[in-house]
Amino acid sequence: MRMSRLFSQTLRRPPSEAEIPSHRLLLRAGYIRQLGAGLFSHMPLGKRSLVKIENIIRGAMDAIGGQEMEMPVVNPAEVWKKTGRWYEIGAEMARFVDRVGRDMVLAMTHEEVVTDIARQEIRSYRQLPLLVYHIQTKFRDDPRPRAGLIRVREFRMKDSYTLDCDWEGLDKQYRAHYQAYFDLFNRCLVPCIAVKSDVGMMGGKLAHEFMYLTPIGEDSLVLCDNCGYSSNRQVAPFVKEAPPAEEALRLEEVYTPDCKTIAGLAEFMGIPESKTAKAIFLIATVAEDEQDVEKFVLAILRGDMELNETKLTNALRAKELRPATEEEISVKGIEPGFGSPIGIKDILVVVDDLIPRSPNMVGGANRVDYHYKNVNYDRDYAADLITDISAAQEGYGCAECGAPLRMSRGVEIGNIFQLGTRYSAAMGANFLDKDGQLKPIVMGSYGIGPGRLLACVAEEHHDEHGLIMPITVAPYQVHLVFLPGKKVDTQAMAEQLYQDLQRVGVEVLYDDRDERPGVKFNDADLIGIPLRLVVGERALTAGGLELKRRDGKGSWTVPAEEIVRTVLQRISDMEAEIEATVAPIEYPG
RNA sequence: CGGGGCGUAGCUCAGAUCGGAUAGAGUGCGCGGUUUGGGUCCGCGAGGUCGCCGGUUCAAGUCCGGCCGCCCCGACCA
């Protein structure tokens, strides 16, 4: 490609709305342009990188037996109603009515469609297992897109689906994806870890998220350096050490003026926060018989701990969970700031599983400026549900080995779900097994966001001058630059090289513009093509052309007659370096 | 959806407190010259519904009201 013809220019300054490096550089280098909140165009450079990423994904999926197909973006609501997700998913799914008044959706994932097809196609265990995938544009009306390509509303997604006779088969395909994902992320040179995750709207049993670790990430992760355990904070369990047992003392009301916070209360009472209990009031939306019911929930956990809303949502099987308003709290006869489950009726009380093991706590008395001393679970109040609803924190004990946990942040670049029979059972996708029994197909679902992955590549590989694209993902392999010469016609040489290199299959971005050297070098650095080939008089008098790696790992002066061969060699060197990082990884089970 | 910020040339920003005549700069873009190994220098030129609608006023980029858009924090989220 001739840069004089390229449809996008580099920007000297990034638009002011871009804050994170990947967003700024992808804009400046001309890979992307923004249309609206969470809506981006991929310019020719960006599109080429995106296609390369998608092809890396294709390679990895095909290698584990995947068959590429394509399913419709627009779905009739009917299938979504059948699985219930029409009702469960909120405003993030775009819906519309077609010309004859039918409800339609823009599919944000394709379990329904795959299951619908499977229902028609699959009759026998002999047709299983199967792995199908497609790479397609998705729209999710995210309430808050951010960070450039990291979190957008419209994006490309690879989603694959496995169909199996049983859980053993699913497990096998799940593990194959686990390995394939590491392989392909390695090929993109994006380091990542797999963490256990919440199943969220997908439903199902087991799920992992693949996380690129970075402070700009929006997921909080819990990691154990000792045993390697890792989990999304949303679901992370941890060791809760119960305080020493004590004789239950007499319940006592104490005057605690202005103690509306845990910190204030602990200070006033002269006790650690761990001796207090906090009461949090929420409204949970729960589906009962296809109807949404709002339930008033009182969550109780130790004063020094934080509520984990995902855990609570899952425990309640709630669709939605939000803090209760002061009015809603007052209506229940509860005093905000001094709330307590004691003596309150007609609410759903959920207690963190550490509370029953914590004797003589200080908690609210439902009366302004008063708390109870020596509150003991069971004796003084009861819960509808006792379970883990507290959030892991830095330093808490690892649930596997007890060592202190470390917190980190990450960007989710892929995920894998063991769905089981949720969709097949709901939609009647059954097959006849060996034993003559009709059984629901056991399914899995697996996603990757190529656009987000591109952002992570940029985030991981750049310097103060611009992008440093890995050879596997770069829009072109070689950036050819000529610098006008006084005696030598460097432009003619460059034109010839441009032809020669393309003839042997090298992808060349050729800067044929009449620009000053500084401009060309700066643009080359910004765009980040892995190899830069300069035709200039200075190097020619020193014996050849200048070939340089953008990542700083080598530069060479190459005689003109050897240039094509050398370029091919350097390209395959760089490809080999990356392929060497692809290795079997232990599946944690 | 709550809190905060911003909206003037392709991009980065002045101008707004205190209303006043053809709305500016840098960069980018076009033309001419100059220069040619890290964003040369000089000249000329094109480029604007000052986010939109309404109001106040003799007069609005500037004041008032409403709306829209974008960004950040939170809520939310495969």
Side-chain angles (χ1 to χ4, degrees), chain A residues 8-20 23-24 27-28 30 33-39 85 88-93 107-111 138 140-148 150-153 155 157-160 195 197-204 207-211 216 218-219 232 234 282 285 309-310 313 319-323 325 411-419 444-449 452 465-466 481-487 490-491 513-526 532 534-542 545-546 548:
Chain A
S8 75
Q9 284 173 301
T10 56
L11 301 176
R12 195 176 272 227
R13 313 190 103 92
S16 58
E17 67 268 14
E19 290 197 347
I20 65 163
H23 190 197
R24 294 169 68 89
L27 279 169
R28 282 191 61 205
R33 292 291 182 252
Q34 182 163 7
L35 178 64
L39 304 172
R85 290 208 291 184
E88 289 163 20
I89 297 174
E92 65 268 27
M93 183 159 73
M108 44 202 286
T109 174
H110 279 76
E111 284 76 15
K138 297 281 192 280
R140 294 184 186 181
D141 196 359
D142 198 294
R144 188 156 107 73
R146 56 176 286 271
I150 298 288
R151 183 158 162 178
V152 294
R153 294 197 294 169
F155 53 97
M157 181 165 102
K158 185 284 300 183
D159 38 328
S160 52
V195 303
S197 71
D198 183 35
V199 295
M201 75 164 183
M202 306 296 300
H208 284 89
E209 289 166 343
F210 290 75
M211 293 285 182
I216 64 151
E218 49 193 357
D219 284 279
N232 195 308
Q234 292 178 330
L282 307 111
T285 307
E309 293 193 14
T310 305
T313 304
K319 256 178 87 170
E320 260 180 60
L321 193 66
R322 62 170 173 85
T325 62
V411 172
E412 182 186 347
I413 48 179
N415 54 35
I416 55 178
F417 292 89
Q418 292 198 355
L419 300 175
S445 160
Y446 317 81
I448 292 176
R452 182 179 277 187
H465 302 295
V481 176
F482 82 89
L483 306 176
K486 285 198 177 88
K487 299 166 204 147
T490 50
Q491 181 161 15
R513 299 173 304 170
D514 179 22
E515 288 288 353
R516 307 211 9 122
V519 173
K520 293 189 171 194
F521 289 143
N522 278 309
D523 280 349
D525 287 347
L526 191 52
R532 191 184 76 190
V534 179
V535 187
E537 256 178 4
R538 204 167 82 180
L540 282 170
T541 52
L545 309 175
E546 180 186 301
K548 190 177 179 189

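Within every chain, numbering begins at 1; the chains are lettered A, B, ... in the order of the sequence lines, protein sequences first and strands thereafter.
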Notebook entry, point to check: Counting any heavy atom closer than 4.0 Å, what does A:R144 reach on the DNA or RNA strands: base, sugar-phosphate only, or nothing?
Noted result: base

Next item on the list: Could you work out the separation of B:G61 and B:G24 based on their P atoms and round it to a whole Å?
Entry: 14 Å

Item checked: Nucleotide B:G38, atom P - distance to NZ of A:K520 in whole Å -> 13 Å

Note to self: Classify A:E19 by what it touches in the nucleic acid, base, sugar-phosphate, or nothing, heavy-atom distance under 4.0 Å.
What the structure shows: sugar-phosphate

Next item on the list: For B:G19 and B:C64, measure between their C1' atoms and round to the nearest Å.
Entry: 13 Å

Next item on the list: Could you measure between the two P atoms, the one in B:G26 and the one in B:U36, and give it in whole Å?
Entry: 25 Å

Notebook entry, point to check: With side chains defined as the heavy atoms from C-beta onward, is the minimum distance between A:R532 and A:F521 less than 4.5 Å?
Noted result: yes

Note to self: Nearest whole Å is fine: how far is B:U40 P from A:R516 CZ?
What the structure shows: 5 Å

Next item on the list: Remember a base hit wins even if backbone is also touched, and classify A:A147 as base, sugar-phosphate or nothing at under 4.0 Å, heavy atoms.
Entry: sugar-phosphate

Notebook entry, point to check: Starting at the 5' end of RNA chain B, which residue's closest nucleotide do you reach first, A:P15 or A:R513?
Noted result: A:P15

Notebook entry, point to check: Contact class for A:R532 (heavy atom, under 4.0 Å): base, sugar-phosphate, or nothing?
Noted result: base

Next item on the list: Give the rounded distance in Å between these two atoms: CD of A:Q34 and C1' of B:C11.
Entry: 14 Å

Note to self: I want to check something: taking the side chain as every heavy atom from C-beta on, are A:R85 and A:T109 in contact at a cut-off of under 4.5 Å?
What the structure shows: yes

Next item on the list: Classify the nucleic acid contact of A:R28 as base, sugar-phosphate or nothing, counting any heavy atom under 4.0 Å across all strands shown.
Entry: base

Check: When you measure from the side chain of A:R12, which nucleotide among B:G28, B:A75, B:U40 comes out closest?
Finding: B:G28

Next item on the list: Would you indicate what A:A539 reaches in the nucleic acid, counting non-hydrogen atoms under 4.0 angstrom: base, sugar-phosphate, or nothing?
Entry: base

Next item on the list: Round to the nearest Å and state the distance from A:E92 atom CD to B:A75 atom P.
Entry: 16 Å

Notebook entry, point to check: Touch check for A:G36, heavy atoms < 4.0 angstrom, all strands: base, sugar-phosphate only, or nothing?
Noted result: sugar-phosphate

Notebook entry, point to check: Separation of A:E515 atom CD from B:G39 atom C1', in whole Å?
Noted result: 9 Å

Next item on the list: Could you check whether A:R146 gets within reach of a base, just the sugar-phosphate, or nothing at all, counting any heavy atom under 4.0 Å?
Entry: sugar-phosphate

Item checked: Between P of B:C77 and CD of A:E309, the distance in whole Å -> 9 Å

Next item on the list: Confirm from the modelled atom types if A:Q9 and B:G28 form a donor-acceptor pair under 3.5 Å, side chain to base only.
Entry: no

Next item on the list: Confirm from the modelled atom types if A:R538 and B:G38 form a donor-acceptor pair under 3.5 Å, side chain to base only.
Entry: no

Next item on the list: Provide, to the nearest angstrom, the distance between the CZ atom belonging to A:R151 and the P atom belonging to B:C70.
Entry: 15 Å

Check: So how far is it from A:D523 CG to A:R28 CZ, rounded to the nearest 0.5 Å?
Finding: 9.0 Å

Checklist line | Heavy-atom side-chain proximity of A:H23 to A:Q34 below 4.5 angstrom | finding: yes

Notebook entry, point to check: Atom CD of A:E111 and atom CG of A:D159: how far apart are they, to the nearest 0.5 Å?
Noted result: 7.5 Å

Check: Contact class for A:D159 (heavy atom, under 4.0 Å): base, sugar-phosphate, or nothing?
Finding: nothing

Next item on the list: Could you tell me the separation between the CG atom of A:L27 and the P atom of B:C11, rounded to a whole number of Å?
Entry: 11 Å

Check: Is it true that A:D142 and A:R153 make a salt bridge, defined as a side-chain N closer than 4.0 Å to a carboxylate O?
Finding: no

Margin query: Heavy atoms only, 4.0 Å cut-off, all strands: where does A:P143 land among base, sugar-phosphate and nothing?
Written below: base

